[in-house]
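Report on one structure; see the data block that follows.
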There are 2 protein chains.
Amino acid sequence: MEKYYNQIKNSPVFYGMNDDELKGLLECFNARIKNFEEGEMIIRQGDRITNIYLILEGAVNIEKDSYWGRRIIITQLSVNDNIALAFVASKNTESNIDAVAADDTKVLVLNYEKCTSMCQNACTRHKVLINNLFDILSKENIELIQKIENVSQKSIRDKLLTYLSNEARKRKSNSFEIPFNRQDLADYLNIDRSAMSFELSKLQKEGLIKYNKNLFQLSARV
Amino acid sequence: MEKYYNQIKNSPVFYGMNDDELKGLLECFNARIKNFEEGEMIIRQGDRITNIYLILEGAVNIEKDSYWGRRIIITQLSVNDNIALAFVASKNTESNIDAVAADDTKVLVLNYEKCTSMCQNACTRHKVLINNLFDILSKENIELIQKIENVSQKSIRDKLLTYLSNEARKRKSNSFEIPFNRQDLADYLNIDRSAMSFELSKLQKEGLIKYNKNLFQLSARV
DNA sequence: TGTTTTTTGTTGTATAAACAACGGAAATGT
DNA sequence: ACATTTCCGTTGTTTATACAACAAAAAACA
């Protein structure tokens with residue numbers, strides 16, 4: 001835990017707290033570290049969620065399986081992101097998603113219910129906390145709307161261009177790495193991988209984008 | 001304002017407050033009622049948002065225009081829902097959506113920034129408020145994930161069946177009205193209206209669903 | 001280093017969806 | 001009650017995408 005102390009302190013969940021507040025909260029949360037191997041399920045559809053998970057290392061895919069076993073990737077989370085906040089915040093709501101380690105992953109497990117029942121929202125650190133969580137939720141909301149825009153384009157080409165230019169804007173740079181391999185990107189945009197590959201190389205031939213593995217570069221025209 | 005007092009009091013935003021707290025907050029929010037005609041824009045992409053809007057009457061579509069002018073409907077909001085909470089909560093974030101009155105609509109305009117700067121989160125009613133807003137945001141989050149599932153299906157048929165069965169589950173009934181006309185539903189699911197109509201009648205012929213105008217009924221098999 | 005496995009790009013074919021055009025039904029307005 | 005407009009379903013045609021199969025490249029492993 002020591003090793004990650006500074007990281008935790010600067011994470012969006014605990015941002016702005018002093019050492020005393022942070023230590024108190026971690027105790028209150030009954031915080032502990034847990035490891036997941038690549039491919040392991042952290043949360044399953046139908047689970048009743050009582051913990052928040054703060055990602056310390058690695059990456060996590062938020063997924064859903066459709067009837068026919070086709071995989072939908074909702075989003076990929078990484079270091080400092082948290083999993084499942086929306087579900088613990090909406091009491092008595094079952095998870096409607098899977099959370100799968102996309103890498104060997106270390107998470108900080110926070111028992112949200114224990115913490116809220118203990119504090120009764122009374123202590124000052126809890127006030128900072130809920131403000132932080134509020135900010136996080138609103139940002140997640142906007143991210144989800146963004147994702148809806150990405151997948152709502154009608155052609156493969158438009159999905160790719162929308163996704164890539166949204167990423168560029170988010171990173172404030174025309175060249176950036178994406179967290180997905182080709183199959184995962186296809187599952188994220190809900191398109192066929194091979195058709196996507198084809199379209200990507202077409203876009204490259206036309207000079208709209210350049211890419212090498214997961215590193216993409218957008219030309220000024222995009 | 002009097003006319004809507006009870007409705008406001010029981011809305012998710014102000015839920016659980018006593019009369020004094022509510023009155024104080026409405027003042028603090030500089031609350032006022034505003035009317036919009038069908039088709040009028042309540043919020044535009046790029047606007048910097050400082051107000052929350054609580055819908056008192058009518059309905060509002062949250063939309064986005066793609067490059068080619070194609071319309072994407074993210075969701076439809078109705079009475080007691082609020083607009084733009086995520087944007088005011090994420091300070092300094094421009095709206096990336098349009099909010100368009102889908103009907104003649106009455107909203108309660110709440111100046112969020114004024115309220116938060118005045119109260120400095122100090123007063124007790126503000127604590128109830130932020131807890132309410134927190135709940136609302138988390139539910140919106142889950143709704144958005146649901147919507148992503150709906151539009152992430154690969155065929156028109158699967159989109160319709162997923163959407164309809166999700167609605168049925170939400171309403172806890174196999175027969176229900178949808179808030180969309182055909183064109184709006186197509187824009188919500190990002191598919192062609194005529195192709196959708198065709199698929200709907202096919203589903204009806206196969207006995208999976210029945211519908212009449214906006215009233216849908218799912219057979220047990222769905 | 002050589003072998004195996006995974007990932008990515010390419011192509012041809014089958015299929016599903018978009019699109020355009022239209023007629024009828026329903027709703028709206030006068 | 002009639003005229004006008006909007007909405008909905010149907011059909012044929014064009015187009016884009018899924019799908020399958022495969023080869024090349026890269027990565028992982030021994």
Side-chain angles (χ1 to χ4, degrees), chain A residues 37-39 61 66-73 76 102-104 150-164 177-206 208-216, chain B residues 37-39 61 66-73 76 102-104 150-164 177-206 208-216:
Chain A
E37 284 178 17
E38 178 175 346
N61 282 341
S66 74
Y67 288 127
W68 301 92
R70 205 173 61 91
R71 180 175 71 147
I72 300 168
I73 295 185
Q76 178 167 121
D103 236 331
D104 291 351
N150 291 338
V151 299
S152 293
Q153 303 302 318
K154 66 175 182 315
S155 67
I156 291 183
R157 188 188 185 85
D158 286 349
K159 286 185 183 186
L160 284 169
L161 289 176
T162 303
Y163 168 72
L164 290 173
E177 278 203 359
I178 66 171
F180 297 125
N181 62 26
R182 295 292 183 273
Q183 183 61 60
D184 285 354
L185 180 57
D187 288 346
Y188 176 86
L189 295 174
N190 307 303
I191 51 184
D192 178 69
R193 180 196 58 77
S194 65
M196 184 188 76
S197 264
F198 182 67
E199 191 66 43
L200 276 174
S201 50
K202 212 165 94 186
L203 287 170
Q204 182 157 240
K205 276 176 202 136
E206 295 174 22
L208 289 172
I209 64 173
K210 282 185 196 169
Y211 59 89
N212 189 307
K213 235 195 119 210
N214 289 4
L215 184 68
F216 284 76
Chain B
E37 285 178 17
E38 178 174 348
N61 282 341
S66 73
Y67 289 125
W68 301 92
R70 207 173 59 91
R71 181 175 71 146
I72 299 168
I73 295 186
Q76 177 168 119
D103 236 331
D104 290 352
N150 291 338
V151 300
S152 294
Q153 304 302 318
K154 67 175 181 315
S155 68
I156 291 183
R157 188 189 185 84
D158 287 348
K159 285 185 184 187
L160 283 169
L161 290 175
T162 303
Y163 168 71
L164 290 172
E177 278 203 358
I178 65 170
F180 296 125
N181 62 26
R182 295 291 184 273
Q183 183 61 60
D184 285 355
L185 180 57
D187 288 345
Y188 176 86
L189 295 174
N190 308 304
I191 51 185
D192 179 68
R193 181 196 57 79
S194 65
M196 184 188 76
S197 265
F198 182 67
E199 191 67 42
L200 276 174
S201 50
K202 211 165 96 185
L203 287 170
Q204 183 157 239
K205 277 177 202 136
E206 295 175 21
L208 289 172
I209 65 174
K210 283 186 198 168
Y211 60 90
N212 188 306
K213 235 196 117 208
N214 289 4
L215 185 69
F216 283 78

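Note that the structure is predicted; figures quoted are calculated from it, not measured. Order of the sequence lines fixes the chain letters, A, B, ..., with proteins taken first and strands second; residue numbering starts at 1 for each chain.
- Atom P of nucleotide D:dA18 and atom CG of A:D187 are separated by 12 Å, given to the nearest angstrom.
- Of the candidate nucleotides C:dT8, D:dT17, D:dT10, C:dT8 has the atom lying nearest to any side-chain atom of A:N214.
- When distances run from any side-chain atom of B:K154 to the nucleotides D:dT11, D:dA18, C:dA18, the shortest one goes to D:dA18.
- One atom, CE of B:M196, and another, C1' of C:dA18, lie 14 Å apart when rounded to the nearest Å.
- Contacts of A:I191 with the nucleic acid, taken as non-hydrogen atoms under 4.0 Å apart, involve only primed sugar atoms and P, OP1 or OP2.
- Distance from the side chain of A:Y211 is smallest for C:dG9 among the nucleotides C:dG9, D:dA27, D:dT10.
- Contact check for B:F198 versus B:D192: no side-chain heavy atoms found under the 4.5 Å cut-off.
- Distance alone, capped at 3.5 Å, places no donor-acceptor pair between the A:Q76 side chain and the A:F180 backbone.
- Across the interface with DNA chain C, nearest-nucleotide mapping of A:R182 and B:S194 shows A:R182 to be the residue nearer the 5′ end.
- A donor-acceptor pair under 3.5 Å links the side-chain atoms of B:D104 to the main chain of B:E38, judged by distance alone.
- Evaluation of the side-chain hydrogen bond (donor to acceptor under 3.5 Å, both in side chains) rule for B:S201 yields no partner, not counting sequence neighbours.
- When rounded to the nearest whole Å, the span between CG of A:D158 and C1' of D:dT17 equals 14 Å.
- Nearest nucleotide to the A:R193 side chain, out of D:dT17, C:dC19, C:dG9: C:dG9.
- Here the side chains of A:R71 and A:D184 are in contact, with some heavy-atom distance below 4.5 Å.
- Which of D:dA18, C:dA18, C:dA17 sits closest to the side chain of B:D192 comes down to C:dA18.
- In this entry the distance linking CG of B:L189 with C1' of C:dA16 reads 16 Å, nearest Å.
- With DNA chain D read from its 5' end, the first of the two nearest nucleotides for A:I156 and A:K213 is the one closest to A:I156.
- The residue B:L200 sits apart from the nucleic acid: no heavy atom pair falls under 4.0 Å.
- The NZ-C1' distance, from A:K159 to D:dT17, rounds to 10 Å in whole Å.
- Atoms CG (A:L185) and C1' (C:dG9) sit 14 Å apart, rounded to a whole Å.
- For the pair B:F198 CZ and D:dG9 P, the interatomic distance rounds to 12 Å; values are reported in whole Å.
- Nearest to the side-chain atoms of B:S197 among the listed nucleotides D:dA18, D:dT10, C:dG9 stands D:dT10.
- Minimum atom distance to the side chain of A:N181 is reached by C:dT7, of the listed C:dT10, C:dT7, C:dA18.
- When rounded to the nearest whole Å, the span between CZ of B:R157 and P of D:dA18 equals 19 Å.
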